[in-house]
Novice: 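Input: one structure, supplied below.
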Amino acid sequence: MPMLLLKDLPRYECLLEAVRKHPDLDPSACEAYLNLLRAGDEAYRRSEAFFGEHNMSPGRFTVMMLLYDKLEGHPIPQTPADLAEMAGVKRATMTGLIDTLERDGLVTRAHDSGDRRMMVIHLTPKGHSVLESVMPGHFKQMAAQMAPLSENERKTLVRLLNKLGSDPASPHIERHTHVATA
């Protein structure tokens, strides 16, 4: 879903002026929030541009990643309802994403062997190949966007973003440290 890119944010002095008309306005909160929106818009724009170069969308990529076992490096089937839940979208949205992925030969639908009333979505060999070819560039694009921040700043950013998104019902992305081997 395209967002409105906030290029020109109001100066802090303008926010201070707005307090005269709106005494409940917290200028520093507004400034932080607007900068968060702008950074999020830019991250989304860059992702969308990258995926567009690969005839993909962020939503389609998300579905394919949900059908991929990241630790083992192989596809794992999921039900459409489970995919919708994991992606945080409505089932109708997921159906649309699955339809286009199936049309392009990247996923297939099959009846669940345990319950023929249930459908299970499988990543096809073509889908697995496309995913494997797109992932490295996607990871490089993310790393390039985070390059201006030091490792310590990134940890602080993750901690702060998790604090902003703190909802006891939603899990946070946990950071796992890995040791690089030569």
Side-chain angles (χ1 to χ4, degrees), residues 1-3 5 39-155 157-159 161-162 165 170-182:
M1 115 173 101
M3 298 178 170
L5 187 59
D41 285 348
E42 180 61 17
Y44 191 83
R45 186 195 63 74
R46 289 183 189 186
S47 272
E48 204 169 44
F50 171 81
F51 289 128
E53 293 170 6
H54 298 278
N55 298 318
M56 183 78 50
S57 72
R60 288 168 41 115
F61 181 78
T62 297
V63 174
M64 292 174 70
M65 286 297 291
L66 292 172
L67 293 169
Y68 182 76
D69 184 325
K70 283 76 133 171
L71 296 176
E72 300 295 324
H74 61 77
I76 49 171
Q78 301 282 351
T79 67
D82 288 341
L83 289 169
E85 175 70 26
M86 290 185 287
V89 298
K90 294 181 180 188
R91 288 183 184 191
T93 300
M94 184 54 63
T95 298
L97 290 167
I98 292 168
D99 286 347
T100 60
L101 289 166
E102 186 177 41
R103 180 200 66 212
D104 293 344
L106 302 174
V107 303
T108 59
R109 288 178 169 99
H111 288 284
D112 187 327
S113 59
D115 182 352
R116 303 262 317 143
R117 296 171 297 169
M118 297 287 293
M119 294 298 281
V120 179
I121 310 304
H122 296 266
L123 194 60
T124 64
K126 178 183 176 184
H128 186 247
S129 176
V130 167
L131 190 58
E132 289 283 342
S133 71
V134 171
M135 268 194 298
H138 176 55
F139 295 147
K140 286 179 185 173
Q141 181 261 327
M142 287 190 293
Q145 193 156 359
M146 293 293 110
L149 301 178
S150 70
E151 184 68 23
N152 193 45
E153 288 171 325
R154 292 175 193 176
K155 288 177 184 177
L157 177 62
V158 168
R159 182 179 53 75
L161 290 172
N162 281 334
S170 67
H172 297 297
I173 296 174
E174 292 186 23
R175 188 168 196 289
H176 298 283
T177 336
H178 63 0
V179 177
T181 56

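Positions are given from 1, in the same order as the sequence printed here.
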Novice: Working to the nearest 0.5 angstrom, can you tell me the gap between Arg159 CZ and Asn162 CG?
Specialist: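 Here the interatomic distance stands at 10.0 Å.
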
Novice: As an exercise, state the distance from CD1 of Ile121 to OG1 of Thr79, rounded to the nearest 0.5 Å.
Specialist: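 One gets 8.0 Å once the value is rounded to the nearest 0.5 Å.
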
Novice: Starting at CZ of Phe50, measure out to CE of Met142 and round the result to the nearest 0.5 Å.
Specialist: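 Taking CZ in Phe50 and CE in Met142, the distance rounds to 9.5 Å.
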
Novice: Decide yes or no for Met64 and Val134: does some side-chain heavy atom of the first lie under 4.5 Å from some side-chain heavy atom of the second?
Specialist: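 No, side chains not in contact.
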
Novice: Does atom CZ (Arg46) have a neighbourhood of more than 12 heavy atoms from anything else shown, all under 6.0 Å?
Specialist: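 Buried by this count: over 12 neighbours within 6.0 Å.
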
Novice: Under a 3.5 Å distance rule, please check whether Thr124 uses its side chain to pair with a backbone N or O of Leu106 as donor and acceptor.
Specialist: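 Answer holds: yes.
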
Novice: Out of curiosity, Thr62 OG1 to Leu67 CG, how far, rounded to the nearest 0.5 Å?
Specialist: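 These two atoms lie 11.0 Å from each other.
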
Novice: Could you check whether any side-chain heavy atom of Met86 comes within less than 4.5 Å of a side-chain heavy atom of Leu83, counting everything from C-beta outward?
Specialist: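 Yes, at least one pair of side-chain atoms sits under 4.5 Å.
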
Novice: Output yes when a side-chain donor or acceptor of Arg154 lies under 3.5 Å from a complementary backbone atom of Leu149, and no otherwise.
Specialist: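 Yes: the side chain of Arg154 pairs with the backbone of Leu149.
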
Novice: For the atom pair NE2 (His122) and CZ (Arg109), what is the distance rounded to the nearest 0.5 Å?
Specialist: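 So the gap between those two atoms works out to 12.0 Å.
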
Novice: Exactly one of Leu97, Ile98, Val107 should register a side-chain contact (heavy atoms from CB on, under 4.5 Å) with Arg60. Which one does?
Specialist: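 Exactly one option meets the side-chain contact (heavy atoms from CB on, under 4.5 Å) with Arg60, and it is Leu97.
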
Novice: Between His111 and Met118, is there a side-chain heavy-atom distance shorter than 4.5 Å?
Specialist: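 The answer is no, as the side chains (C-beta and beyond) never meet within the 4.5 Å cut-off.
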
Novice: Looking only at atom types and distance, does a side-chain atom of Thr95 sit under 3.5 Å from a main-chain N or O of Arg91, one as donor and one as acceptor?
Specialist: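 A pair under 3.5 Å: yes.
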
Novice: How far apart are the closest heavy atoms of Ala87 and Met94, and which atoms are they?
Specialist: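 That would be CB-CE, 3.9 Å.
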
Novice: Check Ala39 against Gln145 and note the closest heavy-atom contact, atom names and distance.
Specialist: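 Residues Ala39 and Gln145, closest heavy atoms: O-NE2, 4.4 Å.
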
Novice: With the threshold set at 4.0 Å, does a side-chain nitrogen-carboxylate oxygen contact exist between Glu48 and Arg45?
Specialist: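 A salt bridge is absent here (no side-chain N lies under 4.0 Å from a carboxylate O).
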
Novice: Measure the spacing between NE2 of His138 and CE of Met135 and express it to the nearest 0.5 Å.
Specialist: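 The CE atom of Met135 is 9.5 Å from NE2 of His138, to the nearest 0.5 Å.
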
Novice: Within a radius of less than 6.0 Å around CD of Glu132, do more than 12 heavy atoms belonging to other residues, nucleotides or ligands occur?
Specialist: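 Yes, because the 6.0 Å sphere around CD of Glu132 holds more than 12 heavy atoms from other groups.
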
Novice: List the atom of Asp104, the atom of Lys126, and the distance in Å for their closest heavy-atom pair.
Specialist: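 Looking at all heavy atoms of both residues, the closest pair is O-NZ, 2.9 Å.
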
